[in-house]
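Take a look at the structure set out below.
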Protein chains: 2
Amino acid sequence: MSDLLERLRGRGWRLTAQRRVVAEVLDGDHVHYTADEVHARASERLPEISRATVYNTLGELVLLGEVLEVSTDGRAKRYDPNAHHDHHHLVCSQCGTIRDVHIESDPMSALPEPERFGFEVSEVSVTFRGTCPNCARA
Amino acid sequence: MSDLLERLRGRGWRLTAQRRVVAEVLDGDHVHYTADEVHARASERLPEISRATVYNTLGELVLLGEVLEVSTDGRAKRYDPNAHHDHHHLVCSQCGTIRDVHIESDPMSALPEPERFGFEVSEVSVTFRGTCPNCARA
DNA sequence: TCTTGACTTAGACATTGTCCAATGTAGGAT
DNA sequence: ATCCTACATTGGACAATGTCTAAGTCAAGA
């Protein structure tokens with residue numbers, strides 16, 4: 001993620017303090033924040049940043065393919081900076097935290113032609129649900 | 001779905017006009033309405049039914065395992081009455097409609113033990129995304 | 001350094017969902 | 001058949017998440 005800003009600048013992105021802090025917040029291992037969590041953390045470094053800017057920036061990062069949008073539960077969407085590695089998600093049904101996981105087979109090939117109903121299928125995501133060790137203890 | 005009401009009565013459900021129309025709306029092939037769509041359709045038969053009741057009833061049907069809650073896009077959740085058959089979903093990225101699909105392999109077995117991170121994994125859902133024939137034409 | 005179009009802001013608004021106190025009613029008891 | 005009462009429904013306030021707009025600000029090229 002460190003060279004993300006360079007890559008984006010190369011694509012004509014205007015580099016602002018706000019965008020920088022949003023990118024910095026997303027940087028990290030296994031981070032899956034909601035938009036408001038990103039806003040809260042960005043505000044620690046740049047107190048006057050507005051919610052609208054965070055939403056805008058996240059939306060742009062998704063469009064640019066740098067970040068994945070994950071909506072697992074009908075609550076707030078979460079943003080996954082690990083967009084360049086093929087992976088899926090393991091979600092705790094109780095607390096909502098997400099882990100990236102890697103699976104052994106290619107799920108796309110599991111959908112036979114007659115089950116595609118004329119769709120142009122372009123993407124597949126596998127979501128495992130369960131209870132995380134933390135919630136299991138409680 | 002026709003005997004749904006009987007099954008629920010057997011579980012101590014009090015049978016009201018409101019619950020009946022909600023169940024009737026959900027009855028059908030490949031129906032995946034949002035809560036407000038269910039409310040709109042239920043209102044045609046029972047004009048004074050309230051939104052709260054529709055939400056309550058849908059929530060109960062989910063708890064009872066008669067209906068599946070599907071949240072594919074961070075927009076409104078959709079309700080899938082096909083809960084008794086193992087299936088997955090094919091979603092149109094543009095218009096949001098959902099088809100039930102059946103796949104060839106068991107995705108649960110594709111997640112190796114070390115990738116479970118101590119979770120008690122209980123459920124897996126596979127979501128295919130693409131463009132439906134209708135939207136492709138436009 | 002100047003200029004300009006892109007970016008940011010605050011807050012109104014929209015959508016989806018939840019909660020609560022007051023009222024109504026299904027179905028067992030009599 | 002009627003009554004009782006616990007459970008269900010209602011409407012509207014509220015909450016959470018996300019979108020939009022008009023006005024002000026600023027990054028970066030000339």
Side-chain angles (χ1 to χ4, degrees), chain A residues 5-25 32-43 45-64 67-79 95-96 98, chain B residues 5-25 32-43 45-64 66-80 95-96 98:
Chain A
L5 295 174
E6 293 317 310
R7 245 182 300 148
L8 294 175
R9 177 139 50 178
R11 297 213 226 169
W13 237 41
R14 185 178 288 184
L15 190 43
T16 66
Q18 290 83 351
R19 287 173 168 179
R20 199 189 329 262
V21 297
V22 168
E24 282 172 8
V25 167
H32 299 89
Y33 294 138
T34 65
D36 272 351
E37 285 168 353
V38 172
H39 178 236
R41 283 174 170 74
S43 297
R45 311 189 193 198
L46 190 65
E48 66 278 19
I49 191 171
S50 79
R51 260 174 18 102
T53 295
V54 172
Y55 276 95
N56 287 342
T57 304
L58 289 172
E60 287 155 10
L61 289 171
V62 169
L63 278 210
L64 291 170
V67 162
L68 244 41
E69 202 173 63
V70 188
S71 55
T72 54
D73 59 350
R75 311 274 324 210
K77 292 178 211 164
R78 290 173 178 272
Y79 293 88
C95 65
I98 302 179
Chain B
L5 294 174
E6 293 318 309
R7 244 181 301 148
L8 294 176
R9 177 139 49 179
R11 296 213 226 169
W13 234 41
R14 184 177 289 186
L15 190 42
T16 67
Q18 291 84 349
R19 287 173 169 180
R20 199 187 331 262
V21 297
V22 168
E24 282 171 8
V25 167
H32 299 87
Y33 294 138
T34 65
D36 272 350
E37 285 167 355
V38 171
H39 178 238
R41 283 174 170 75
S43 298
R45 312 189 191 199
L46 190 64
E48 66 280 18
I49 191 172
S50 79
R51 261 175 15 105
T53 297
V54 172
Y55 276 96
N56 287 343
T57 305
L58 289 172
E60 286 155 11
L61 289 172
V62 170
L63 278 209
L64 291 169
E66 297 290 346
V67 162
L68 243 41
E69 204 173 61
V70 188
S71 54
T72 54
D73 59 350
R75 310 275 322 208
K77 291 179 213 167
R78 291 172 178 273
Y79 292 88
D80 182 346
C95 65
I98 302 179

Measure across A/D36 and A/Y55 and return the closest heavy-atom pair with its distance rounded to 0.1 Å.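 Looks like OD1-OH, 3.9 Å.
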Return the value, rounded to whole Å, for the distance between atom [atom1] of [X] and atom [atom2] of [N].
| X | N | atom1 | atom2 | result |
| --- | --- | --- | --- | --- |
| B/L46 | C/dT25 | CG | P | 11 Å |
| B/R19 | D/dC7 | CZ | P | 11 Å |
| B/R20 | C/dA26 | CZ | C1' | 11 Å |
| A/Q18 | C/dA10 | CD | C1' | 14 Å |
| B/R14 | D/dC4 | CZ | C1' | 11 Å |
| B/N56 | D/dC7 | CG | P | 15 Å |
| B/E60 | D/dC7 | CD | C1' | 10 Å |

Within this structure, what is the NZ-CG distance for the pair B/K77 and A/D73, rounded to the nearest 0.5 Å?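 Answer rounded to 0.5 Å: 7.5 Å.
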Within a strict 4.5 Å, meaning less than it, do heavy atoms of the A/L61 and A/W13 side chains meet?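 Counting from C-beta outward, A/L61 and A/W13 do come under 4.5 Å.
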Does A/R20 reach the side chain of A/R45, with side-chain heavy atoms less than 4.5 Å apart?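 Side chain of A/R20 against side chain of A/R45, heavy atoms only: no contact under 4.5 Å found.
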Phosphate-side-chain proximity, B/T16 and D/dC7, N/O vs OP1/OP2 below 4.0 Å: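 Negative; the distance criterion is not met.
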Summarise protein proximity over nucleotides 13-19 of chain D in one line of letters, 5' to 3': B for base, S for sugar-phosphate only, - for none, counting protein heavy atoms closer than 4.0 Å. ---SSBB
Does the pair B/E66/B/R11 count as a salt bridge with the N-to-O cut at 4.0 Å?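 Here B/E66 pairs with B/R11 in a salt bridge, since their nearest N and O are under 4.0 Å apart.
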May I ask you to say what A/T53 touches in the nucleic acid, namely base, sugar-phosphate or nothing, with a heavy-atom cut-off under 4.0 Å?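 Here A/T53 touches the bases of the nucleic acid.
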Does B/R9 or A/S50 map to a spot on DNA chain C nearer the 5' end, using the closest nucleotide for each?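 Between the two, 5'-proximity favours A/S50.
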